[in-house]
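Remarks on the structure that follows.
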Amino acid sequence: MPDINTILFYIFAFLIVSFSFIVVFAKNIIYSAVSLFVTLFGTAALYILLRADFLAITQVMVYIGGILILLIFGIMMTTRITDSEIKTTNLSSVPAVFVSAGVFVILIIVLLTTKWNINPPVENDVTVNRIGNLLLTTYLLPFEIASVVLLIALMGAAMYARKK
Amino acid sequence: MIKTIDFLNSIPLLIISVSAVITILVGSFYKKSTKYVYAVTLIALIAAIYYSFGYLDKEYLIYNNFLRVNNITTLFSIIALFAVLLSTLSAKAYIEKEEINFIEFYSLVLFSTAGMLIMIQSYNLITVFVGLELMSISFYILTGFLRKRIKSNESALKYFLLGAFMTGFLLFGISLIYGITGSMSYANIFQDTSVFKNPVFLIGSALFMIGFFFKMGLFPFHLWVPDVYEGAPTTITGLMSTAGKIAAVGTITPFIVYTASDNFRLIFSIIALLTMLIGNVTALAQSNIKRILAFSSIASAGYILVGVAAMNDLSIKSVSFYLLAYTLMQLGAFIIVSLIEKPAEGINEYRNVDIEDYKGLARTNPQLAIPLTIFLFSLGGIPPLAGFWGKYYLFYAAIQSNLIWLSISAILFSVISLYYYLKIVVYMWFNPPANGDVYKIDSMPSLSILIAAFLTFLFGIFPQYFFALFKTPFK
């Protein structure tokens with residue numbers, strides 16, 4: 001009898017994969033966006049199963065609270081302006097199927113044949129504290145560079161958007 | 001923890017990033033300070049190059065082993081900084097002509113330079129990734145810097161979408177490498193050589209390399225190159241095609257030389273062969289000089305991969321020498337193209353960039369035709385110019401690794417490339433002038449053209465001066 005973690009993992013994994021299919025194949029882009037919502041939530045659930053509470057919260061805040069809402073707003077705004085339904089179509093699906101299937105098979109074979117370094121899930125209370133410490137000590141340099149990347153993205157957006 | 005000594009061991013990076021922040025701060029308060037920002041940018045780049053020379057023959061691991069300073073990283077940093085310096089020197093005249101003389105231009109150039117330095121010096125996959133993103137995002141913005149030009153917008157969007165897509169490959173590769181080695185630090189990844197044969201590591205490093213091959217413009221990830229190089233402002237094209245490529249090559253070459261096994265050699269050789277084929281043959285059919293130079297830069301990436309595929313002691317030496325020679329000639333050519341180009345009206349395409357417009361240039365503008373001829377001869381690999389020795393060392397490295405068929409085909413493609421380089425030279429020297437225009441040349445662009453032409457000759461006649469920089473051999 002598998003334990004509750006394994007059962008939950010398979011449920012969420014099934015949700016993620018099936019809704020990912022809808023994201024790709026749905027004809028109406030709104031359906032795609034809403035299915036993406038389930039996919040992203042499922043990923044957050046997987047993080048929780050791995051006891052990564054901070055990652056799960058970040059996933060919900062950034063992807064669902066930020067990016068997905070922005071995406072849906074973007075779709076609604078553009079359809080209002082152009083008065084036309086946005087349809088999604090796939091170009092050159094036959095080569096894409098072959099390439100994706102090839103990559104899929106290779107990855108599955110590799111994943112099954114490899115001996116991974118598996119760490120058992122650690123029963124600790126919160127990870128935020130330790131992540132915060134690491135970001136400001138060991139990983140300070142990449143953290144700072146990432147903030148510079150955000151700065152220039154902001155600068156670029158401001159430059160493109162201004163009038164003169 | 002970050003120690004104080006780390007700052008002393010990364011002075012060039014500090015100079016570049018601090019001056020980038022200063023330029024953006026000054027620019028937001030004083031709108032009319034472009035002239036001073038230009039001067040600050042140049043001084044920062046010169047100072048960074050000056051201090052970089054102090055790190056030759058040194059060996060440091062800094063910022064908690066995230067960055068590494070040694071001969072290889074210092075050398076690639078110097079070449080990248082030099083490329084940025086030459087293109088920035090000439091950029092002011094161009095952006096004034098196109099009326100995009102904003103302060104953001106200089107701070108973006110400096111931020112992209114900081115990204116290049118971080119990438120080249122990184123000793124950890126995380127810093128490779130953030131450095132690459134810093135450089136790439138600056139480039140995406142700079143590509144679309146001519147906001148009113150449809151071509152520029154189009155190429156920025158193309159570059160951004162494809163670049164973001166390829167970043168996915170890179171990240172997937174990094175996560176697979178992390179999954180199998182349990183670490184992102186090169187120190188741990190390179191420690192256990194048995195893992196290099198592991199299929200997960202092979203797939204991971206292949207995906208990681210694909211991300212970089214895209215930035216280098218290698219087949220089959222080269223399709224963005226001609227469109228983006230044609231649409232970007234010409235000085236930015238020069239910057240991307242030299243400094244951006246140096247950073248990508250300087251990051252991935254040590255990784256390949258350390259980790260790649262003989263299995264990869266054949267794949268690299270085939271990619272190199274196809275890249276040279278596509279670059280050189282497609283260039284034959286082009287008539288836009290920016291596209292010709294873009295395909296020539298694809299072909300150059302193929303030549304570089306010939307040296308990388310050798311994977312022996314000569315690889316890094318020959319690749320770095322070729323990069324220096326390539327910077328001089330490619331950037332020199334792009335600077336001249338940017339001087340000849342005329343600002344377009346409204347949203348239209350770039351004007352005066354067809355090779356027909358170069359007819360009779362030697363009679364109307366000999367001061368532009370003579371250096372352009374030098375650069376094109378050097379790109380074609382004619383002795384005694386730096387481009388000849390660059391190719392010589394690359395093919396020599398390949399022959400040392402028994403890749404004789406690859407060297408022979410590289411030489412053949414090099415001969416094919418002479419056709420489209422010499423076509424421009426013939427147009428310039430043996431055809432009647434297309435128009436009587438005499439192009440205005442400011443002192444700064446002519447200075448950078450002079451430096452590039454002088455060094456093309458210097459390293460063409462005395463290539464040993466370059467190798468004399470290193471007292472200790474590469475490890």
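Computed from a prediction, not measured in an experiment: that's the story for all the values here. Order of the sequence lines sets the chain letters (A, B, ...), proteins ahead of strands, with each chain counted from 1.
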Counting heavy-atom pairs under 4.5 Å to chain B, which of Thr137(A), Leu140(A), Leu141(A), Leu136(A) comes out on top?
Leu141(A)
Compare every heavy atom of Val228(B) with every heavy atom of Met240(B), then report the nearest pair and how far apart it is.
CE-CG1, 3.8 Å
Heavy atoms of Ile11(B) and Leu8(B) approach each other most closely as CG1-O, 3.4 Å
Ring centres under 6.0 angstrom apart ([X], [Y]):
X         : Y         : answer
Phe139(B) : Tyr159(B) : no
Tyr10(A)  : Phe14(A)  : no
Tyr140(B) : Phe160(B) : yes
Phe66(B)  : Tyr123(B) : no

Spell out the residues in residues 14-22 of chain B that have some non-hydrogen atom less than 4.5 Å away from a non-hydrogen atom of chain A, in order of number; otherwise answer 'none'.
none
Contacts with chain A made by residues 113-121 of chain B (heavy-atom distance under 4.5 Å), listed by residue number:
Ile118(B)
Would you say that Leu68(A) contacts Tyr63(A) through its side chain, given a criterion of any heavy-atom pair below 4.5 Å between the two side chains?
no
Answer yes or no: is there a side-chain heavy-atom contact under 4.5 Å between Leu71(A) and Leu36(A)?
yes
Between Leu176(B), Asn153(B), Leu108(B), Asn65(B), which has the largest tally of heavy atom pairs under 4.5 Å with chain A?
Leu108(B)
Max heavy-atom pair count under 4.5 Å with chain A, selected residue of Gly182(B), Gly144(B), Ser138(B):
Gly144(B)
Name of the residue among Ile108(A), Ile106(A), Leu107(A) meeting side-chain contact (heavy atoms from CB on, under 4.5 Å) with Phe104(A)
Ile108(A)
Please step through side chain to side chain donor-acceptor pair (under 3.5 Å) for the pair Asn124(B) and Ser185(B), ending with a clear verdict.
CA-CA 4 Å; Asn124(B) 191 308; Ser185(B) 173; 4.6 Å; no
Under 4.5 Å from a heavy atom of chain A, the part of [X] involved:
X         : value
Phe172(B) : side chain
Ile180(B) : both
Asn198(B) : side chain

Within 45° of the six-membered ring axis of Phe102(B) and under 6.0 Å from that ring's centre, is NZ or CZ of Arg162(A) located there?
yes
Neighbour count above 12 (heavy atom, 6.0 Å) for Tyr178(B) OH:
no
Side chain, backbone, both or neither: which part of Ile109(A) has a non-hydrogen atom closer than 4.5 Å to chain B?
neither
How far apart are the C-alpha atoms of Val109(B) and Leu239(B), what are their side-chain angles, what is the distance that settles it, and do they pass the side chain to side chain contact (heavy atoms under 4.5 Å, CB included) test?
CA-CA 9 Å; Val109(B) 167; Leu239(B) 184 73; 4.3 Å; yes
